[in-house]
S.K.: 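Structure provided below as C-alpha cells; questions to follow.
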Amino acid sequence: MMRVLLSSFVIGAASLCFPDGIPESERKELVNGDERYPVGLWIHDYAAQYATAELVAILVQEKVGYKLEKLGLGQLTPDAFFALAGCTRPTDSIDRGCSPDMITRAHISVEGWTGGYSRTWDQVQQDYPQTAPRNLGSMGYNGAVTLYIAGSVQDRGYQAEGISLDFYRDYNLSWRNPAKYFTKPQEINTSKLLACSQTTLMYVPEMKNYLEMTGDEEGVTHQGNGDVIGRCFDGHFWYAPACRANSSGCIPVITGGTGWSLNEMMQKGTLLSIPLATAVGKTWSEYTSLPAEYSVIFYWWVPDPSFLRLDAIPIRFPPFSRREWEKEMKRSEAELMSIDKYISQDLAVLAPDIERFMSAYALDIKDVEEIMSKKLDSGKPYFDVACDWLHANAERWQKWLPDKTKCFARYGLYNVKEEKFVDSRANPDNLKCEVCSPGSYSEPMKDLNGSTYVCQSCPQGSYQVSEAATQCDLCLKGEYQDDTGSSSCKRCGFGRYQDTLGQSSCKACPNETTTVGFGSLAISECGCLATTIAAGSNSSEGLFQCQPCPVGLECPLSSSIETLQRQEAALGAEYVPRVLEGYFADPTDPLVIYKCQPSTYCPGGKPGECAGGLSGKPCSTCSHGQTWTGEKCDDCRDEAIFIWAGILLLGTLLLFRAYNFVDSRALAEVSPVQACMIATSMTINVIQMIAVFGLMSVTWTPLLASTSSSLSFASWLTVTSSSLEGSHCAASH
C-alpha cells in the first residue's frame, strides 16, 4: 500500500490556548491496526480556511484530546476531496496519486465549496467508494459570489437621492443616473488593468455563449474563421449596451484573474440594462486595491477578508433561477453555495468522538469575518486570534464537544434508522444531531438528560428558506401560508390582500371590488371592477360605492371619480377612467354625462373638456365676441353682417317685386300694410333658414358659417336656445 505523508505546515503557535487544555503528552493518536498516527487536518491556502481550521485544530487537540497535524496546502476545494480519499498527490491536477488500496493521513477539512465542484465530488465517490470522504454538511453559513459596492458609495447615493444602490434596478438609466456616484472609466489608471487581449473576452466559447444568451451583436466581434470574441472598448473595457453611446455614463466593474465571471457580468449588464464597463485587474494586488482607490463595482466572494475594510454591500439581482443557469443564462443571482466540512470515511471508526464534534461544529459567517478582521487589524497569527475568539465564545464551542444527543441551536435530533427528525431521546440508539432543514427551526428541549435541541416545523403564517435556522420568519404583508413546514410564503391572489404579518390566509376585498395583481398589501389596493366606478369611496377604510359606469365613460379596473377628475392613477395610465369622444361630463358632477351633437365638439378625456374653445353644457357656446368657424371659436367678422344685410335688403325688394309680378291680382286685394307685413315675414323666414343651416352638422364655407352664426339671434323664433350648437357675436351662443 502507498502511504505518503504530506508536507506539514505550521499555522499557529505550539503553546496551549486554554490553561486547562489537554497537553501534547496526554493526547491520543489514531489507531489503525498496528499503526498509530495523528489526526490530519487538511489546509487550503486562503484566509477563511485558515480561520475556521485553526478553531478545529485547537479544540481537537486541547478539548477532544487528539494529536493533530496540519497538512496541505491546497489551492482549491477538490484538493481536499482527493486528500481525504487517500491520494498521495492531491494538489496535482494531472495525476492525483490515487490507487485502489489507499489509506489516508488527512481526516478533516473545513470551508469547502462543494457546490462549485459537485461533478468532481461525485466522481471521487464513484471512483473510490471504499475511501471517498464524507460531507458532514454545512458549516452554518453559505458562500456568495456576486458584485459589491463599497459602503461609502452607498452612503453617497442614499444621502443624495435616498437610493441604496444595492438593487439592480437602482442602476436603470431611464430612472436615474447612478454613474455620478462612481468613478468614470476614463479616470481609472489603465496600467493597472489587463488589456482586452489578455482576458476572457478572447475566449471564444464564453463569448459565443454571451451572444447566444443576449443577441448583442454590437458587444462582440466576429472573426474571419467564424469565431466570436468580446468587443474591446478603449483597449481595456467592455461596455454594456446601456452606456455604449456615452461611455462616461458607464460604471466600472473590476474583477480578477483573467476575468472571473466576466460572462455573467456581461449578461447581467445587457439583459438587465445596467451601464457596466467591465475590466480585469492586472494582478491580485491591483484587483484588491482598485476598489479602495476608486469608486467602482467589484467582483467578490464571501467569506473572504480582501474587502472587509470597505464595508462592502452586495448588489441584489433577480432571485436565482436554476432553469436559467442550466441553460447558461446568468441574468439571475448565482446560487448560494453551502460551505461544507468533510471527514475521511474511516474517521467514524477511528475516532467517533471527532466525528461527532465535527458534525456539531458550526459557525455564523459573522464569526468568520470577525476572526479575519482581527487578523487584519492585529497582525497576530491565526492561532492567537482563533484562541481569543474561543475564550470569548465558550458557550458556543462547548456545545460542539461530543455527546451525540446533545444538539445545539440550528440543529435537532435525527433518527438515522428512521431517517426523520424526532423530538425525544428516550431511546438514544440511532440518534444524532442534524442541521434543521428548510421549513423548520431549531427549538430548545429539556428532559431528564439535560438540554438539547429539536427541529420543529414552521407553523402556519411563517416560513424558513434556510437550513440551520433558530426561528421561522413571519410571512410578509401581501403574503400568507396555510401549511406548516414551509420554506416560502404564498402571495395573495386577485381580489385578496393581507395587511398584517404572519397570517395563514388573505382578506377578501369588499363586494364588487378586486385587486390589480398578486400580493396586495392593503385594502386600499382594492378597487371597483372594470365597467364600474367608485363614487365617494374611502378605500383606505374599506368603504366603496361602486356603481355602473354611465354611457359615455370608459371605466377600467379600480376607477374612481378622483382618478377621472385628475386623469391620473397611481397604478398607471391604463387604469385612468376617461370621458369618451362625443360625450361631455360636468366637472362638478362628472357622472352626469351629455351626448354632444356634433360629436367633434366634445373630445372626451377629462370632465369639462371641449373642442376649439367651446364652453357650457354640453360644449355649446363660444365666448362673448366670438363665433364658431366650423373648427374653433374665433373673433366675429362684422363685415359679414353688413354684406348679408345688403343682400337681404335687396332680396326683400326683389321678392316683393316678384310677388307683385306673379300675382298682381292678389296684391291688388291687399292693403299696403298687409303687403309690407308679407314682405317682412318672407325676409324673416330667409334669415331663419340661414341661421338654422348653421346649426346643421355640415361643414359650410367660412363666410356662410360666420353669417349663419351672426344671424342666429333670429332662430329663437323656431329653435330653443339650449339646443344651439353655433354661436353669434352680439351674445354668446
Side-chain angles (χ1 to χ4, degrees), residues 162-164 166-170 175 316-322 332-333 336 436-443 455-547 555-563 566 568-577:
I163 59 172
S164 58
D166 63 356
F167 189 50
Y168 75 96
R169 287 182 175 169
D170 291 338
W175 298 338
R316 292 174 295 130
F317 294 97
F320 170 71
S321 170
R322 186 174 304 280
S332 63
E333 286 185 340
L336 293 177
C436 293
S437 57
S440 66
Y441 66 101
S442 182
E443 181 180 69
C455 296
Q456 299 284 14
S457 296
C458 291
Q460 291 182 338
S462 67
Y463 73 102
Q464 181 49 254
V465 67
S466 302
E467 61 181 1
T470 57
Q471 63 182 16
C472 294
D473 297 323
L474 296 178
C475 291
L476 301 177
K477 294 180 180 181
E479 298 179 342
Y480 74 102
Q481 182 50 262
D482 53 0
D483 293 326
T484 60
S486 298
S487 59
S488 64
C489 291
K490 306 170 185 177
R491 291 195 298 166
C492 294
F494 284 100
R496 307 184 74 82
Y497 69 95
Q498 183 51 258
D499 54 6
T500 307
L501 299 174
Q503 298 303 302
S504 60
S505 62
C506 294
K507 301 175 183 178
C509 288
N511 289 339
E512 300 182 347
T513 67
T514 188
T515 57
V516 173
F518 293 99
S520 296
L521 308 178
I523 194 171
S524 59
E525 296 187 43
C526 299
C528 291
L529 299 173
T531 73
T532 66
I533 187 167
S537 300
N538 188 343
S539 60
S540 62
E541 298 181 4
L543 301 177
F544 293 87
Q545 298 176 23
C546 300
Q547 64 183 57
C555 300
L557 177 64
S558 196
S559 293
S560 67
I561 289 180
E562 181 183 358
T563 55
R566 289 191 293 109
E568 61 180 33
L571 297 173
E574 61 187 296
Y575 296 97
V576 177

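The shown structure was predicted, so the numbers you read here are calculated from the model rather than taken from an experiment. For reference, positions follow the sequence shown, starting with 1.
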S.K.: Would you compute the distance between atom CG of D473 and atom SG of C458 and round it to the nearest 0.5 angstrom?
M.R.: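 Here the rounded value is 8.0 Å.
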S.K.: Of the non-hydrogen atoms in Q481 and S462, which two are nearest, and what is the gap between them?
M.R.: CG-O, 3.8 Å
S.K.: Does the side chain of T532 reach to within under 4.5 Å of the side chain of Q547, using non-hydrogen atoms?
M.R.: no
S.K.: Show the nearest heavy-atom pair for residues P459 and C472, with the distance to one decimal.
M.R.: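 Closest approach of P459 to C472, heavy atoms only: CD-SG, 4.4 Å.
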S.K.: Checking the side chain of E333 only, and the main-chain atoms of F317 only, is there a donor and an acceptor separated by less than 3.5 Å?
M.R.: yes
S.K.: Nearest 0.5 Å, please: how far is SG in C506 from OH in Y497?
M.R.: 10.0 Å
S.K.: May I have the step-by-step check of side-chain contact (heavy atoms from CB on, under 4.5 Å) for L529 and T513, ending in yes or no?
M.R.: CA-CA 5 Å; L529 299 173; T513 67; 5.9 Å; no
S.K.: Could you check whether any side-chain heavy atom of P556 comes within less than 4.5 Å of a side-chain heavy atom of P577, counting everything from C-beta outward?
M.R.: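 Side chain of P556 against side chain of P577, heavy atoms only: contact under 4.5 Å found.
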S.K.: Would you indicate whether the side-chain heavy atoms of R316 and D166 approach each other to under 4.5 Å?
M.R.: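 D166 vs R316: side chains touch.
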S.K.: Can you check whether P438 reaches E467 side chain to side chain, under 4.5 Å on heavy atoms?
M.R.: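 When only atoms from C-beta onward are counted, E467 and P438 do touch, with a gap below 4.5 Å.
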S.K.: What pairs with F494 under ring pair (Phe, Tyr, Trp, His ring centres under 6.0 Å), at least two apart in sequence or on another chain?
M.R.: F518
S.K.: Run L571 and S558 through side-chain contact (heavy atoms from CB on, under 4.5 Å) and show every step you take.
M.R.: CA-CA 9 Å; L571 297 173; S558 196; 4.2 Å; yes
S.K.: Indicate yes or no: at least one non-hydrogen side-chain atom of C526 is less than 4.5 angstrom from one of T514.
M.R.: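 With C-beta onward as the side chain, the pair stays apart.
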S.K.: CZ of R169: more than 12 outside heavy atoms within 6.0 angstrom?
M.R.: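 Count not over threshold, so no.
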S.K.: What pair of heavy atoms forms the shortest contact from G495 to T515, and how long is it?
M.R.: N-OG1, 2.9 Å
S.K.: For E443, which residues count as a salt bridge (Lys or Arg N to Asp or Glu O under 4.0 Å) partner, sequence neighbours excluded?
M.R.: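 Expected list: none.
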S.K.: For the residue pair S321 and S332, what are the closest heavy atoms and their distance?
M.R.: N-OG, 3.1 Å
S.K.: Between Y463 and C489, is any pair of side-chain heavy atoms under 4.5 Å apart?
M.R.: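 Counting from C-beta outward, Y463 and C489 do come under 4.5 Å.
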S.K.: Decide yes or no on side-chain contact (heavy atoms from CB on, under 4.5 Å) for C555 and I533, but give the supporting numbers first.
M.R.: CA-CA 6 Å; C555 300; I533 187 167; 4.0 Å; yes
S.K.: Do Y480 and C475 have side chains that get closer than 4.5 Å, going by heavy atoms?
M.R.: no
S.K.: Enumerate the residue pairs fulfilling salt bridge (charged side-chain N to carboxylate O under 4.0 Å, His left out) with a member in residues 485-508, sequence neighbours excluded, ordered by first and then second residue.
M.R.: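 Salt bridge (charged side-chain N to carboxylate O under 4.0 Å, His left out) check on residues 485-508 returns D482-K490, D483-K490, D499-K507.
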S.K.: Are Y575 and S559 side-chain neighbours, meaning at least one heavy-atom pair lies under 4.5 Å?
M.R.: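 Answer no - side chains too far apart.
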S.K.: So how far is it from S486 OG to Q464 CD, rounded to the nearest 0.5 Å?
M.R.: 11.5 Å
S.K.: Which of these passes side-chain contact (heavy atoms from CB on, under 4.5 Å) with C492: Q498, E525, Q503, E479?
M.R.: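 Considering Q498, E525, Q503, E479, a side-chain contact (heavy atoms from CB on, under 4.5 Å) with C492 is found only for Q498.
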S.K.: I need the minimum non-hydrogen distance between T563 and V576, along with the two atoms involved.
M.R.: O-CG1, 3.9 Å
S.K.: Between F544 and E512, does a side-chain contact (heavy atoms from CB on, under 4.5 Å) hold up when you go through it step by step?
M.R.: CA-CA 9 Å; F544 293 87; E512 300 182 347; over 6 Å; no
